[in-house]
Participant: 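Next up is a structure, given as structure tokens.
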Amino acid sequence: MTNEIRPRKLVCLTGFMGSGKSTTARMLASQLGWLNTDLDLRITEATHLTIPEIFARMGEAEFRRVEHEQLARVVAETAVTQKPRIVSLGGGTIMQPQNLALLREAAAVLIWLHCPIEELLQRCAHIVDRPLFRDEASFRRLYQERLPTYELADYRVDSRSEPSRVIEQIVALGIFPGVTA
Ligand code: S3P
């Protein structure tokens, strides 16, 4: 069976910090009756630490190790249960080539929630739980660095608008069997 005709069980949302991945994934999964997994939440549950605590105590490399481990578990769970699932990835998840490879191997659909940097800056300015939001200049730099990798996603939707509008765009992609916009 090819990927083209096999119904997709795993749909993952990627995009920069503040692009709305977690909220969109939760609402979309609820609308479709699919499972929802928030990868950052998996990481905090597995470590019993918040994301800033992981970065502060163990460093980014350890965070990335746990992130990969948890992603591999989510992929394996989906393969075993065959229950369809929407996953919100972290903003840096697909920057690790092994994570992208894992998702490709699992025939996951990757959707990039695209949002202009000015809007992301506004959304993230007052949020304190993002260790990689240090200052505006480094935030802008990281965004630029990551754009080419986000562009590898299968689909791109504009996430400037409210989550319900973002979901309409995702449904309109026609990737959910029997669900029309
Ligand atoms: C990160 C984004 C965060 C979280 C961690 C690292 C990143 O997730 O995984 O702080 O590298 O961009 P969100 O994109 O949900 O903020």
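Just follow the structure's listing: the first ligand is 1, and inside any ligand the first atom is 1.
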Participant: Classify the ring geometry between Tyr150 and Phe16 as parallel (under 30°), tilted (30 to 60°) or perpendicular (over 60°).
Facilitator: perpendicular
Participant: Just to be sure I understand the cut-off, which residues have at least one non-hydrogen atom under 4.0 angstrom from an atom of ligand 1?
Facilitator: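 Its neighbours under 4.0 Å (heavy atoms only) are Met17, Lys21, Asp40, Ile51, Phe63, Arg64, Gly90, Gly91, Gly92, Arg130, Pro131, Leu132, Arg146, given by chain and number.
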Participant: Could you check whether atom CZ of Arg160 has more than 12 heavy atoms from other residues, nucleotides or ligands sitting under 6.0 Å from it?
Facilitator: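 Not more than 12 within 6.0 Å, no.
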Participant: Can you list the residues that meet the salt bridge (Lys or Arg N to Asp or Glu O under 4.0 Å) rule with Glu136, with sequence neighbours excluded?
Facilitator: Arg140
Participant: Among Ile111, Asp154, Val109, exactly one meets side-chain contact (heavy atoms from CB on, under 4.5 Å) together with Leu173. Which residue is that?
Facilitator: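 It is Ile111, the one option of Ile111, Asp154, Val109 that forms the side-chain contact (heavy atoms from CB on, under 4.5 Å) with Leu173.
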Participant: Is the shortest side-chain heavy-atom distance between Glu168 and Ser161 below 4.5 Å?
Facilitator: no
Participant: When you check the gap from the basic side-chain N to the acidic O, do Arg42 and Glu45 get nearer than 4.0 Å?
Facilitator: no
